[in-house]
Number of protein chains: 2
Amino acid sequence: MNEQTGASRKASVRDVRRTNRALLLRHVMFAGETTRPEAGAATMLSPGTITNLVTELIAEGTVVEGRKLDSPGGRPRTVLAVNPHAAVVFGADVGEAQVTVEAFDLAMRRLGGRTHAFTGRRISPQTVSSVVAGAVGALTTELVASGDFGATPTILGIGLGVPGIVEHPDVSAGDSEARDEPLVHAQVVGWDSVRFSELAAQLPAPLLIDNGAKTTTQAEAWYGSAQGVEHGAVVLIGDGVGAGIITNGRLYRGSSSSAGEWGHTKISLDGIRCRCGARGCVETFVGASAVLERWRGREDAWLGREPEGIDELFAAYHQGDEVAERSLRDLIHHLGIALSNLVNLYNPQKIVVGGWFGDRLAEEFLADIAAAVRRSSLSQPGAEVVVERSSLGRRATALGAATLPLDRFIERGWPQ
Amino acid sequence: MNEQTGASRKASVRDVRRTNRALLLRHVMFAGETTRPEAGAATMLSPGTITNLVTELIAEGTVVEGRKLDSPGGRPRTVLAVNPHAAVVFGADVGEAQVTVEAFDLAMRRLGGRTHAFTGRRISPQTVSSVVAGAVGALTTELVASGDFGATPTILGIGLGVPGIVEHPDVSAGDSEARDEPLVHAQVVGWDSVRFSELAAQLPAPLLIDNGAKTTTQAEAWYGSAQGVEHGAVVLIGDGVGAGIITNGRLYRGSSSSAGEWGHTKISLDGIRCRCGARGCVETFVGASAVLERWRGREDAWLGREPEGIDELFAAYHQGDEVAERSLRDLIHHLGIALSNLVNLYNPQKIVVGGWFGDRLAEEFLADIAAAVRRSSLSQPGAEVVVERSSLGRRATALGAATLPLDRFIERGWPQ
DNA sequence: TGGAGTTATTTCAGACTATAAACCATGTCA
DNA sequence: TGACATGGTTTATAGTCTGAAATAACTCCA
């Protein structure tokens with residue numbers, strides 16, 4: 001009996017304020033438009049506290065008052081909303097072949113974006129850095145030109161969704177905000193322990209990095225199909241396969257932020273060798289490239305990516321091709337088993353199926369996928385889980401990346 | 001953008017006190033003996049607050065002052081410790097064939113216990129209830145006789161670890177502490193949606209129920225091999241196979257408390273049919289009964305439990321029997337794959353291997369198991385995970401069950 | 001024996017919070 | 001115009017932690 005377990009931090013009166021401010025601000029942001037009484041009901045805070053907090057938020061410029069609502073007798077309620085022009089956040093989707101940077105106002109409305117496609121096979125962190133920095137700069141001047149954000153827009157931060165594991169430094173060891181930047185390990189693009197210090201130094205606001213599957217999950221949780229989900233999973237099926245796990249309403253990261261590597265869990269004791277080196281990985285059964293290779297009868301190799309071929313597969317299926325049908329049936333069967341492992345382990349309320357290939361599958365076979373999941377799951381968690389198609393599409397990754405600085409702002413307030 | 005996401009509750013000044021009180025009390029309990037300065041360092045609370053809280057805890061009778069420590073110049077520190085005689089907690093291990101009830105003082109020292117073995121195949125909830133109520137009564141009179149707890153010992157609660165899924169009612173819907181008792185689903189003993197209301201009514205203190213694998217995990221997390229682990233898993237291998245997952249330092253329960261059913265995740269697309277109805281479950285590869293069936297060459301059926309046979313298996317292995325060796329090698333290989341799924345999904349710091357069969361395996365093959373896990377895991381999380389043997393043995397389940405009321409006491413204080 | 005030095009513990013003023021209740025503001029309706 | 005209803009603010013009060021000052025209880029040394 002030596003160490004502390006489940007150690008929570010000490011609390012002080014200041015924390016009470018921070019918690020309640022965040023609670024209220026989150027309500028305002030997600031409600032879009034609200035009123036003081038409505039916010040009071042949603043947050044359970046007393047009218048006095050609401051007044052107090054709202055006054056502060058208005059003074060800061062974070063929140064603005066709007067029109068007054070009609071009343072059936074009684075003083076009319078004043079509409080409250082986030083001040084969209086109070087600040088800007090950037091979100092970047094770093095893919096294997098391209099980088100997309102998007103700008104959002106404080107109401108998370110898209111203001112503009114830049115996409116840069118790479119021709120070479122592997123992009124270097126330096127290239128990515130210069131593209132991101134360039135896009136942020138270009139978008140910022142665009143914003144200045146629009147006049148909505150003044151001469152020097154307040155930038156809350158730049159979020160980066162990258163294709164790999166992002167290892168965050170141990171927070172417990174001192175709160176020295178200084179140079180504890182995350183390490184990025186991305187096998188797919190050949191990055192090993194990359195730090196984006198140079199990029200961070202170039203940018204006009206803090207750089208926050210996370211795994212792309214996780215930022216996508218965050219986007220679905222805040223604005224998409226996973227809204228309000230306390231325990232859930234977002235699975236992303238493309239060439240590769242990933243997942244984001246939500247536990248207790250928050251994105252789960254694990255001890256070193258690599259949690260959720262569902263694509264490399266095994267559902268078979270043998271099978272094709274995966275690019276991770278193991279055999280039997282989910283990715284080798286449901287990843288788009290693997291499915292294509294199978295369909296074409298080359299079960300021995302797993303290389304390259306060829307998303308176009310998926311169109312052929314679906315076309316063949318619709319023309320009654322039996323081989324195509326069997327490929328898709330097998331895929332759904334395997335997907336059901338792979339998802340049932342998530343169901344039995346996490347007992348999620350909802351599983352959201354996304355990714356370019358997953359989205360395509362869910363569009364046509366959602367019911368079959370759900371049935372396959374239930375067939376392999378334990379009865380109780382299987383009966384409870386809802387399987388749904390993702391609702392945000394390809395922009396989710398950048399959107400989710402942009403929520404990183406936004407979330408930080410909600411929790412901590414303005415810098416300093 | 002409608003619903004609230006990751007909704008935290010509103011905070012008030014009272015919560016600050018509760019949080020800090022719990023933080024301090026937890027420190028005192030886990031330290032065994034401490035002092036005010038030591039507690040201050042551990043909790044980061046100021047000396048004034050420590051005095052304040054300690055005074056309250058002493059006045060309540062929860063904490064007592066002890067001897068004064070020698071000082072090399074300066075006022076000597078006074079030893080603080082939990083008052084073991086302040087209260088009693090009970091923990092019950094409801095197994096498939098027997099029920100064990102144990103009593104602990106507030107320092108979680110075992111005071112006594114009762115075990116009742118059943119002869120029939122399936123025990124009814126009524127039988128379990130009367131056995132538990134009887135044992136609690138008998139142990140209580142024993143405690144009264146000992147004189148350490150006065151004429152009417154304060155009982156904080158009775159924790160029950162049961163072999164099945166425990167579904168807790170939704171807490172969010174009103175804080176009516178009234179009759180929202182959990183539902184127990186235990187296929188193994190044939191319980192379907194059982195409520196222990198009658199038992200709760202008979203008992204002299206609140207009844208708290210959880211899954212046995214989860215209470216065992218809790219015990220390992222508080223007092224065993226999983227101490228101080230923020231992200232980890234405790235896997236329990238016996239006839240059946242279960243797991244408890246620790247995320248962010250707390251036991252993870254999922255949306256309806258059935259999380260952690262690792263025994264019924266699939267690592268094979270075909271294979272023996274499991275008692276859950278599916279094929280390829282981990283339990284059919286590493287569960288004791290399944291291993292025995294395999295060893296004896298009867299791969300077609302999976303029935304009954306015969307733990308004694310495991311001794312034969314190990315004996316044969318030690319005598320150089322090749323079939324026994326192959327059985328164990330295969331088992332370890334499969335266990336490695338099954339655990340690697342946990343590693344890739346949860347990214348745990350530590351995996352604790354327990355359960356009567358798991359313990360036996362870990363005793364002899366821990367290094368092999370760890371190697372097998374690493375072989376199948378992704379390199380980054382695989383390199384970080386530590387595989388360890390459980391350290392509490394068979395009493396862990398009841399001990400963990402007893403932590404349920406203890407934890408509640410730490411968080412909420414004395415009843416009322 | 002007593003004074004200096006040292007560390008533990010308590011006391012207390014000050015800074016913040018939330019809340020309840022009283023109070024003011026601004027409508028509708030008859 | 002007054003009664004009523006609801007929205008929003010102000011204020012007194014009760015908790016809470018913290019930092020600094022005060023006090024307590026030692027050891028060491030002359």
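Fair warning: this is a prediction, and the values are worked out from it, not measured in the lab. Residue numbering restarts at 1 for every chain, and letters A, B, ... go by the order of the sequence lines.
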- Sorted by chain and residue number, the side-chain hydrogen bond (donor to acceptor under 3.5 Å, both in side chains) partners of B:K10 (sequence neighbours excluded) come out as none
- Just how far, in rounded Å, is P of D:dC26 from NZ of B:K68? 7 Å
- Task: Mind calculating the distance between CG (B:D70) and P (D:dC28) to the nearest angstrom?
- Result: 10 Å
- Under a 4.5 Å cut-off applied to non-hydrogen side-chain atoms, are A:L399 and A:T215 in contact? no
- Which residue lies more 5' along DNA chain D, comparing A:V79 with A:A11 via nearest heavy atoms: A:V79
- Integer-rounded Å distance: D:dC17 P and A:R18 CZ: 16 Å
- Rounded to the Å, how far apart are A:R67 CZ and D:dG7 P? 16 Å
Acceptor/donor pairs from residues 73-90 of chain A side chains to any protein atom, 3.5 angstrom cut, sequence neighbours excluded:
unit_1	atom_1	unit_2	atom_2	d
A:T78	OG1	A:K68	NZ	3.3
A:N83	OD1	A:H85	N	3.1
A:N83	ND2	A:G61	O	3.0

- Which pairs count as salt bridge (Lys or Arg N to Asp or Glu O under 4.0 Å) when at least one residue sits in residues 30-43 of chain A, sequence neighbours excluded? A:E33-A:R67, A:R36-A:E65
- Task: For A:T49, answer base if it contacts any base atom (sugar-phosphate contacts may also be present), sugar-phosphate if it contacts only those atoms, and nothing otherwise; contact means non-hydrogen atoms under 4.0 Å.
- Result: base
- Quick one: on DNA chain C, does A:N20 or B:G73 contact a more 5' nucleotide (nearest heavy atom)? B:G73
- Query: What are the bounds, 5' to 3', of the part of DNA chain C that sits under 4.0 Å from heavy atoms of chain B?
  - Reply: C:dG5 to C:dT19
Table of protein N/O atoms under 3.5 Å from nucleotides 9-13 of chain D N/O atoms:
unit_1	atom_1	unit_2	atom_2	d
D:dT9	OP2	A:T51	OG1	2.8

- Starting at atom CZ of B:R17, determine the distance to atom C1' of D:dG15, rounded to an integer number of angstrom. 9 Å
- Message: Classify B:K10 by what it touches in the nucleic acid, base, sugar-phosphate, or nothing, heavy-atom distance under 4.0 Å.
- Response: sugar-phosphate
- Note on the structure: The side chain to side chain contact (heavy atoms under 4.5 Å, CB included) partners of B:S391 (sequence neighbours excluded) come to B:E220, B:S225
- Item | Protein-nucleotide distance (B:M44, atom CE; D:dT18, atom C1'), rounded to Å | 13 Å
- Message: Restricting to side chain to side chain contact (heavy atoms under 4.5 Å, CB included), what partner residues turn up for B:R110, sequence neighbours left out?
- Response: B:E102, B:F104, B:R395
- Message: Please verify the inter-ring angle class for B:Y223 with B:F30; under 30° counts as parallel, over 60° as perpendicular, anything in between as tilted.
- Response: parallel
- Could you tell me whether the phosphate oxygens of D:dT18, OP1 or OP2, come under 4.0 Å of any side-chain nitrogen or oxygen in B:S46? yes
- If you look at every strand shown and take non-hydrogen atoms under 4.0 Å, does A:V13 touch a base, only sugar-phosphate, or nothing? base
- Task: Look at all strands and tell whether A:T35 reaches a base, only sugar-phosphate, or nothing, counting heavy atoms closer than 4.0 Å.
- Result: nothing
- Tell me, do A:R250 and A:D407 make a side-chain contact under 4.5 Å, heavy atoms counted? yes
- Task: Just compare D:dC26, D:dT18, D:dG8 and give me whichever is closest to any side-chain atom of B:L45.
- Result: D:dT18
- Query: Tell me: CD1 of A:I58 to P of D:dG8, nearest whole Å?
  - Reply: 10 Å
- With sequence neighbours excluded, residues passing side chain to side chain contact (heavy atoms under 4.5 Å, CB included) with A:S146: A:D148, A:F149
- Would you please name every residue forming a side chain to side chain contact (heavy atoms under 4.5 Å, CB included) with B:R21, sequence neighbours left out? B:L25, B:L53, B:E56, B:L57, B:E60, B:F409
